[in-house]
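Written below as structure tokens is the structure these notes are about.
Just so it is clear, the values below take in all heavy atoms, side chains as well, and ignore hydrogens, waters and symmetry mates. Convention: sequence-line order gives letters A, B, ...; per-chain numbering from 1. These numbers were taken from a predicted model, which means no experiment stands behind them.
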4 protein chains.
Amino acid sequence: MARAKSPEKRQAILQAAAREIAASGLGASTAKIAKGADVAEGTLFTYFASKDELFNELYLELKGEVYRRINAEFPYKATLQVRARHVWTESLNWSIERPEERKASVQLGVSDVVTVATRERIGSQQRGAVEETLGEIAARGVFKDLPPGFAASAMGAMQDAVIDTVARKPRQKAVLVEKGFDAFWRMAK
Amino acid sequence: MARAKSPEKRQAILQAAAREIAASGLGASTAKIAKGADVAEGTLFTYFASKDELFNELYLELKGEVYRRINAEFPYKATLQVRARHVWTESLNWSIERPEERKASVQLGVSDVVTVATRERIGSQQRGAVEETLGEIAARGVFKDLPPGFAASAMGAMQDAVIDTVARKPRQKAVLVEKGFDAFWRMAK
Amino acid sequence: MARAKSPEKRQAILQAAAREIAASGLGASTAKIAKGADVAEGTLFTYFASKDELFNELYLELKGEVYRRINAEFPYKATLQVRARHVWTESLNWSIERPEERKASVQLGVSDVVTVATRERIGSQQRGAVEETLGEIAARGVFKDLPPGFAASAMGAMQDAVIDTVARKPRQKAVLVEKGFDAFWRMAK
Amino acid sequence: MARAKSPEKRQAILQAAAREIAASGLGASTAKIAKGADVAEGTLFTYFASKDELFNELYLELKGEVYRRINAEFPYKATLQVRARHVWTESLNWSIERPEERKASVQLGVSDVVTVATRERIGSQQRGAVEETLGEIAARGVFKDLPPGFAASAMGAMQDAVIDTVARKPRQKAVLVEKGFDAFWRMAK
DNA sequence: TATGAATGAGCGTTCATTCAT
DNA sequence: CATGAATGAACGCTCATTCAT
């Protein structure tokens, strides 16, 4: 048999793509991505049929990473506030620790190269605990009077505010993450 | 005797740029923008030295529009909550009423074609009343324990959540704008 | 006003295209064609929207040249044989004198980059006298018992045979053209 | 102990090549040809050193098929007209029955990927009876005054005319083949 | 021998920018 | 000043061929 497709190369391409998107947006060229992954330009296309497919796979990968991180050690039996704080902290820490991946993820999420089909493929994997927690939040506090989905948007939005602030005051990261949650929780209480 | 540069043409180019960015992202070509503004390709470059400059000017213009709207009829003497609600409502309505401009504004804001210099030039124009109001909010509620700037980020972020939701439930626009503020205000109270 | 599109450049591109197609078939690259015409790669596309359009225009141009040559000094009032010989001789001489154009024309004619629409645009211009003559031939001799169009195919085919032979015996060009017609005429008599 | 190269695979590749050339011209990719032959991309190159070699071999194969068909049941002792008609009919029927092979053969014949050496190798295999017959025709009728080779070109050319016409009127195939020969024979008589 | 991943030159086309008119 | 033709680098993608397995 011929050489097998190397998972390492696939990963290298995905990582390079995230890096390039963070640096220059969705206009990031396949040539640069390939060079960043240390493979030939053509090789990129043996792993991903097109730039669009690469970007969809990357989005999946990135979202998957966050969900995997949240689900690991999820405090299923704890109070809602504890569970909410877990979701908040884990996803926020991922964003802060991997700023390039986060930037890429946001850009992809906003664009329309990421298809509806891709977006749908995400949750079905293991969105479970997160969704359950957000659902409970949505039924409380101010969110009770707002459509479902608003609570999730609001959490994401408040996390953006924290990330912005951490970018300016990196030393206070831990405090910001915690106080940020307290702010968010005021709305849910 | 050179003809004077026409402000109408300048405006037409800026508007066409916003439209094109909303439609196809920052990859929008100068040729399309020029055609959209009904001027020749080359003419664009007599008004803006480069695509980057055009985009920076557009960002300024867009942000300026919002501030101008907020400042018109600003209730300087009202309570903080009333003033905050005014800022919230006016800027949010602008976003909702002019989705293309907003989309362009977001895309530009996220990218790095908009320079730090441009970002700094914004407020200096007429950020006055808004800044004062946000400053007061930052000294209250949860924001008291968070760095300055967090309150502003949080408001913007919460507005994004409202916009997202309005996009899905356009009929409930008025309610969402109001309840959204109530949610935000819980953090400031 | 800006620089006007130059008919010379257009012609240069068409000629270069014919040359390149003759040399390397329809795979001839736009880059080589542009270089052959001494214009920049991009310039080709200001004259022709795509490679396909260029090739269709070239086909039209080439067919037009032959028809123009036949129609000039066409002996409208002469006998059928004289008129037929005129068509035969003029078109054949064009083919022999301009071997590259002929090669390109054949390749294009056989391929399907030349659209039906293009093929239809040809005759309407001035196929007149030729068509009339071929029509008369089709009603005579062996052709009487064969479908319309066969006579035209046969003339073209017999011309190919002459061209093949002239290519091997260029000295006898004049005789071959004449005797070739005599051979063809045997079928029509 | 190396496995022997399989003649079946060789044939499958040649057939797939003919099919692909008929469908998409000489630009047909080796990858598609390999897939069409149900072998791996690399395997193609263990049977043929390069795409050009494959195409030359294919041309030989295709021409060989026609000659083999003509030579089978060749009426060696019949009159010239009968023998000529046999050559005409058999080769023409091959073209009509196997349109893909014919299309490929024409495309290859016109291009210059088929080398002079290949063209020369053809007849030497078994052109015998055909050549003899064409030689006799060349010494008669109009062909007497034309160079050797013209008769052969003329026959091929007239066959092209028949094929063109059959393509438009498939129902009349049999009549066209016969009447076409009559037309050709007028020149030879 | 058979496989198909790897390669990088080359493809048709787009584009920001320049500059002759 | 306004125009749009001209430019060539860069783009996403394909391909014949090589070679590790």
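One can place CZ of B:Arg10 at 15 Å from P of F:dC1, the figure rounded to the nearest angstrom. A:Lys5 places its NZ atom 17 Å from the P atom of F:dT21, with the value rounded to the nearest Å. Summarising the geometry, the separation between NZ on D:Lys51 and P on F:dC15 is reported as 8 Å, rounded to the nearest angstrom. To the nearest angstrom, C1' of E:dC15 lies 14 Å from CG of B:Asp52. Put simply, CG on C:Leu54 is 10 Å from P on E:dG12, counting in whole angstrom units. Remark: P of E:dG12 and CZ of C:Phe48 are 15 Å apart, rounded to the nearest angstrom. The separation between C:Leu44 atom CG and E:dC15 atom P is 17 Å, rounded to whole Å. Between A:Ile13 atom CD1 and E:dA6 atom P the separation is 8 Å, expressed in whole Å.
Nearest nucleotide to the A:Phe45 side chain, out of F:dT14, F:dA5, E:dT7: F:dT14. The side chain of B:Ala40 sits closest to F:dT3 out of E:dA6, F:dT3, F:dA16. Closest contact between the side chain of B:Ser29 and the listed nucleotides E:dT3, E:dC15, F:dC13 involves E:dC15. In the set F:dG12, E:dT21, E:dT13, the nucleotide with an atom closest to the side chain of C:Thr30 is E:dT13. Here E:dA5 is the nucleotide among E:dA5, E:dG12, F:dC11 with the atom lying nearest to any side-chain atom of A:Arg3. Each of E:dG12, E:dA16, E:dT3 was ranked by its minimum atom distance to the side chain of D:Thr46; first place goes to E:dT3.
Ion pairing between a basic and an acidic side chain is recognised when a charged N comes within 4.0 Å of a carboxylate O; A:Glu57 and A:Arg10 show such pairing. Between B:Arg19 and B:Glu101 no salt bridge is recorded (no basic side-chain N to carboxylate O distance below 4.0 Å). Note on C:Lys35 versus C:Glu41: no salt bridge recorded, every NZ/NE/NH1/NH2 to OD/OE distance being 4.0 Å or above.
Between C:Thr30 and C:Phe45, some side-chain heavy-atom pair lies under the 4.5 Å cut-off.
When each of A:Ala49 and B:Lys9 is assigned the nucleotide of DNA chain F with its nearest heavy atom, B:Lys9 is the one assigned upstream, toward the 5' end. In terms of position on DNA chain F, the residue among C:Tyr47 and A:Leu26 whose nearest nucleotide sits closer to the 5' end is C:Tyr47. Nucleotides of DNA chain E nearest to B:Ala31 and C:Glu41 differ in position, and the one nearer the 5' end is that of C:Glu41.
A:Ala28 comes within contact range of the sugar-phosphate backbone alone, with a heavy-atom separation under 4.0 Å but no base atom that close.
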Given Watson-Crick or G-U pairs with both distances under 3.5 Å, what dot-bracket string fits DNA chain F, with | for other-strand pairs and [ ] for crossing? .||||||||||||||||||||

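Separating the CZ atom in C:Arg68 from the CH2 atom in C:Trp94 is a distance of 10.5 Å, to the nearest 0.5 Å. Distance check, rounded to the nearest 0.5 Å: OG of C:Ser95 to NZ of C:Lys103 gives 13.5 Å. One distance of note links CG of D:Leu26 with CD1 of D:Ile21; it measures 5.5 Å at 0.5 Å rounding.
Crowding of B:Asp52 atom CG: a count of heavy atoms from other residues, nucleotides or ligands under 6.0 Å exceeding 12.
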